[in-house]
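Here is how names work: the chains are called A, B, and so on, in the same order as the sequence lines, proteins then strands, and each is numbered from 1.
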Amino acid sequence: MAASYNDDDDSIYLQESDEEPFEYDDDDDDDDAGESEFLRHDSVGDCDPGSAANPTPSPAATGPSKSLSAYPANNPIDPIDFQVDILIKANQDTDSSLNYIDHTGYKSFTLNSFIYTVLFNAIDDIKSILNIPFNQALLLLVYFNWNTDSLLDNYYNLDIIKNRSFILNLRLNFTSLHNNKISLLKDSKFCSICCNYQSKFYFLPCNHNYFCINCLRKYIKNKILDNLFIINCPELNCPYLFKLSDLNNLFLISKAKKPITLLYLQKIAKSYIQLKKDYSYCPAPDCNSVIQNINPNLTHDHSLFSFSSALLSSIDSKTIQNLNIDLPIFTCYNNHNYCFNCRLESHFPCPCYISKLWVNKCKDDSETANWINVNTKECPKCISSIEKNGGCNHMTCYKCFHQFCWICLGPWASHGSSYYQCNRYNEDDSKGARDKKEISKKLLKKYIHFFDRFQTHEISIKQDFKIFKTMEKTINNLQIKTGNSYIDFDFLKDSIQILIQARNVLKWSYCLSYYLTPESNGFLIYEQNQSVFMNSIEDLSKLFEIKEYKQILKRKSNFIENTRFVSDRQKKLIEVVQDGLKTNFLSFKDINTPSGDSSNTKTKTKA
Amino acid sequence: MSLPRRIIKETERLVSDPVPGISAIPHDDNLRYFDVLIEGPTQSPYEGGLFKLELFLPDDYPMMAPKVRFLTKIYHPNIDRLGRICLDVLKSNWSPALQIRTLLLSIQALLASPNPDDPLANDVAEEWKKNENTAIETAKEWTRKYATEKS
């Protein structure tokens, strides 16, 4: 078998596709019939004899050329052309999707530009190293979870049986170029999936040509929506794999709003982002931005920042002191500010774990938290929330591939023969639970106090945001009324932005207040600063109540001064917290593990 | 909603050309819901037993796998107390080219060759690995108790 894997594959591939990039020539069809004879090896021996006896490309060839012309690109698309194809489609989504913004330590992409740059570069690398076609490199990378090292280690070294069968099959899939086509048959043919007589079929080189194109489309779409990117021919045990070009051909004339190839690549991109630690999505709803952490210094130790209930109980005060609050806040393509580590909104001056505690506490009563609490557990390794949707208790995390037991959350490896350890009752745990209850009663009053303030400022932010949104209009109006230029009112824009930012910091400072030890000098200093900061914010906010346009101009200096003061106080407050935590002036107490803590990503895991 | 042709075809064939040892009959009021009977395979601890299952074809069948569950109590490492089955073709390895008949055959094959290394019922699997003979005896006993005509 090995003899048939020659190095000419790629050249054949490129050569053929160069010949006729986007033409459709009926005369070629007879050659295709010959070519589609490939893949006649043992594992397809059990395919349906009926279809082998009836390859039927010839009726298609002689079919009315008019209807054939309804399907333009019948030929496999050159990988490079294909990229361009995607690119054009991607560009339709957003005008400038190929640009990214450099931000301190973070790079922001739109999902489509991410596909074009990062994903395609990774594929191109493999493509040129191994001298294989684009599609093959893509499937290989998907199979190896985008781990280039393990891919290269395993590509020629075929010791691991599981990998070997995949790689050999993949190579075989690319040993010859096949012209797969959608064909209209003169007489309709029986589709073995929908059991109807259909006239549109897609000819697969494995000769399993008894699936109509609608069924194939549904099948492929289902797979993609299930995040399965290595898609075999539906026939059981058939080794044929669908290529990007197949998807492109199959869905070319479908009326789907989103091209399926793009959906396919976007889904793949999302899986890539989940697998790589230095990439992340923007967590804002409907924001398609991808963030790359390009500054290794900013990569925080995840085990310290993302906490779980188990981890938190082990954090002693010393560990907390050592954490500073240089938060990895990024600005995404659509100007959302989020924290790279905990995926919360910008939460200065709170350290990640404190904010997360707080957020979970606030969510405690909400339905979602209850649902998460009841229905999910966290992967013991990467703390992703996992919903078990069936199957046995041997879990494999989709995100970090950690294997564990659903019952006791211990590693699976030790479960080889000792299931019963999961069932042992732990006396200590129940004692702890009772103590916790008492503490939480005391904390409730305190909590309500701070939550009230937290929420009030959140509402204020929303109102300020309305001012910000209408700012352009307001400035235009002012221009007309006063006859001054746009630049004269620029300060308003700055002020409102600073105000919103500052309110956000103030809001989060209440969260910090809740968790800090109150009886210390450090805390008093912190509280003083917070109070001054709050007053400065209120002063600035008051200025925005002025509606009289002459007054606004008159008090321009007040605006500028107050804005500067607010920024200064904000900086000061953050410094106080930062220094306080470093020097043990500020410390946390009574950190109580919340019952339901949800973590950043939700991964579904199957057994 | 009218029944897809695929389901009609399959049902017809299940009735006209039944698989030996397996019967699947749709309910009159819900043609997507089948009463299934599987005979325990010979040479297995389930030999002589007749196992009742329920099978439901979801809306997106055949793109999605049918839902199958044992109704008869069975002692098997890959079938839990609720009758749920841990089988690849019911989950990730489902393909629309598979049919009800092929699926039921796979379940019958699972009875013939239990796989305690990927268990669903942990206690059963443990017993199966530790002490295969006892486990097989228990399986036989359960078959006698729950899966024969008398009970």
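Within the 4.5 angstrom heavy-atom criterion, only backbone atoms of B/W94 (N, CA, C, O) approach chain A. Contacts of B/R84 with chain A are absent, with no heavy-atom separation under 4.5 Å from either backbone or side chain. For chain A, the nearby part of B/P62 is the side chain; its heavy atoms alone come within less than 4.5 Å. At a 4.5 Å heavy-atom cutoff, the contact between A/N222 and chain B is made by side-chain atoms alone.
Atom NZ of A/K267 sits in a crowded spot, with more than 12 heavy atoms from other residues, nucleotides or ligands closer than 6.0 Å. Within a 6.0 Å sphere centred on CZ of A/R164, other residues, nucleotides and ligands contribute more than 12 heavy atoms.
Scanning both residues, B/A97 and A/P234, for their nearest heavy atoms gives CB-O, 3.2 Å. Annotation for B/S92 and A/K223: closest pair O-NZ, 4.1 Å, computed over non-hydrogen atoms. Shown here for B/M63 and A/C215, the closest heavy-atom pair between the two residues is CE-O, 3.3 Å.
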Donor-acceptor pairs under 3.5 angstrom involving side-chain atoms of residues 22-30 of chain B: please list them, not counting sequence neighbours.
residue, atom, partner, partner atom, Å
B/H27, NE2, B/D35, OD1, 3.2
B/H27, NE2, B/D35, OD2, 2.9
B/N30, OD1, B/R32, N, 3.0

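Taken to the nearest 0.5 Å, the CG atom of A/L236 stands 11.0 Å off from the CD atom of B/Q99.
Sequence neighbours left out, the pairs with a member in residues 99-110 of chain B that pass salt bridge (charged side-chain N to carboxylate O under 4.0 Å, His left out) are B/D17-B/R101.
Per-residue heavy-atom pair counts under 4.5 Å with chain A were compared for B/K9, B/E10, B/M64, B/R5, and the maximum is reached by B/R5.
Checked by atom type and distance alone, the side chain of B/R6 never pairs as donor or acceptor with a backbone atom of A/C195 at under 3.5 Å.
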